**Student:** 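Once you've had a glance at the structure underneath, I'll fire off some questions.
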Amino acid sequence: GESVGLHLPTLSVQEGDNSIINCAYSNSASDYFIWYKQESGKGPQFIIDIRSNMDKRQGQRVTVLLNKTVKHLSLQIAATQPGDSAVYFCAENRLGGKLIFGQGTELSVKP
Amino acid sequence: GAVVSQHPSRVICKSGTSVKIECRSLDFQATTMFWYRQFPKKSLMLMATSNEGSKATYEQGVEKDKFLINHASLTLSTLTVTSAHPEDSSFYICSAALTAYNEQFFGPGTRLTVL
């Protein structure tokens with residue numbers, strides 16, 4: 001079936017380094033993606049989104065890249081900080097507002 | 001962003017009892033609310049979509065008679081887990097949106113433990 005999945009379940013980075021979290025999707029018709037951050041015991045928090053008419057979008061310390069050819073998107077976090085430690089999910093926003101979440105990547109930041 | 005609350009944040013109940021979880025949009029009117037379920041170290045799985053004043057739309061495999069959803073007002077949706085069993089233990093998260101096509105704002109989640 002169709003899915004949105006992540007390549008790696010865990011990622012450990014040194015404080016100050018850049019982090020890259022990847023996500024693959026299978027539905028070539030997908031046209032809107034969102035990245036969420038979820039801290040332990042809390043609900044997801046919106047980070048950044050991107051539509052299929054773009055291949056890159058930047059926010060504060062974060063950049064999302066979308067490669068429609070290989071159906072892949074990534075979240076880049078610059079100068080990763082301890083407060084960035086969390087689980088990161090990509091999600092596909094489908095018709096009717098339905099969100100299909102990927103499996104998640106747990107980011108750990110080492111001081 | 002907009003604020004969504006859930007109550008209770010944690011609940012422990014005995015097997016066979018029913019538990020009600022509330023989801024409130026505090027500073028906006030939410031035509032659409034969504035209910036998700038999340039197991040430990042797993043992703044969020046959409047359970048159902050509720051529109052104010054209408055019956056909820058359940059995802060495939062979700063028992064509507066077991067997970068009763070009511071969205072009677074533009075600021076409140078409730079999820080009732082009926083005749084709860086240990087396998088219903090999970091983290092339940094709601095989200096609220098102005099409409100189905102607007103950004104979803106997530107609640108903090110409710111941890112349900114069924115003994």
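Computed from a predicted model, the values in this text were never measured in an experiment. Numbered from 1 within each chain, the chains take letters A, B, ... in sequence-line order.
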**Student:** Report whether Ile48(A) and Leu107(A) are members of the same hydrophobic cluster (ILVMFWY, side-chain heavy atoms less than 4.5 Å apart, transitive linking).
**Tutor:** yes
**Student:** Quick check on Tyr36(A) against chain B: is it the side chain, the backbone, both or neither that has a heavy atom closer than 4.5 Å?
**Tutor:** side chain
**Student:** What part of Gln6(B) is in contact with chain A, defined as an atom under 4.5 angstrom from a non-hydrogen atom: side chain, backbone, both or neither?
**Tutor:** neither
**Student:** Is the number of heavy atoms from other residues, nucleotides or ligands under 6.0 Å of Lys68(A) NZ greater than 12?
**Tutor:** yes
**Student:** Could you check whether any side-chain N or O of Ser43(B) sits under 3.5 Å from a backbone N or O of Gly102(A), counting only pairs where one atom can act as donor and the other as acceptor?
**Tutor:** yes
**Student:** Please answer: with hydrophobic residues joined when any side-chain heavy atoms are less than 4.5 Å apart, are Leu79(B) and Leu68(B) in the same cluster?
**Tutor:** no
**Student:** Do you know which of Arg111(B), Arg10(B), Gln38(B), Met45(B) has the most heavy-atom pairs with chain A at a distance under 4.5 angstrom?
**Tutor:** Gln38(B)
**Student:** Can you get from Tyr58(B) to Met47(B) by hopping between Ile, Leu, Val, Met, Phe, Trp and Tyr side chains that sit under 4.5 Å apart?
**Tutor:** yes
**Student:** Show the nearest heavy-atom pair for residues Leu99(A) and Leu46(B), with the distance to one decimal.
**Tutor:** O-CB, 4.4 Å
**Student:** With a sphere of 6.0 Å drawn around CD of Gln60(A), does it hold more than 12 non-hydrogen atoms of other residues, nucleotides or ligands?
**Tutor:** no
**Student:** For the interface with chain A, which of Gly107(B), Ala100(B), Ser95(B), Gly109(B) has the highest count of heavy-atom pairs at distances below 4.5 Å?
**Tutor:** Ala100(B)
**Student:** Verify the cluster assignment for Trp35(A) and Val109(A): are they in a single hydrophobic cluster under the rule of side-chain heavy atoms below 4.5 Å apart?
**Tutor:** yes
**Student:** Please rank Phe106(B), Tyr36(B), Phe34(B) by heavy-atom pairs under 4.5 Å with chain A and give me the top one.
**Tutor:** Phe106(B)
**Student:** Are Gln38(A) and Leu44(B) close enough that some pair of their side-chain heavy atoms sits under 4.5 Å apart?
**Tutor:** yes
**Student:** Looking at Lys42(A) and Phe91(B), what are the two nearest heavy atoms and their distance?
**Tutor:** O-CE2, 3.7 Å
**Student:** Tell me whether the count of non-hydrogen atoms from other residues, nucleotides or ligands lying under 6.0 Å of NZ in Lys55(B) goes above 12.
**Tutor:** no
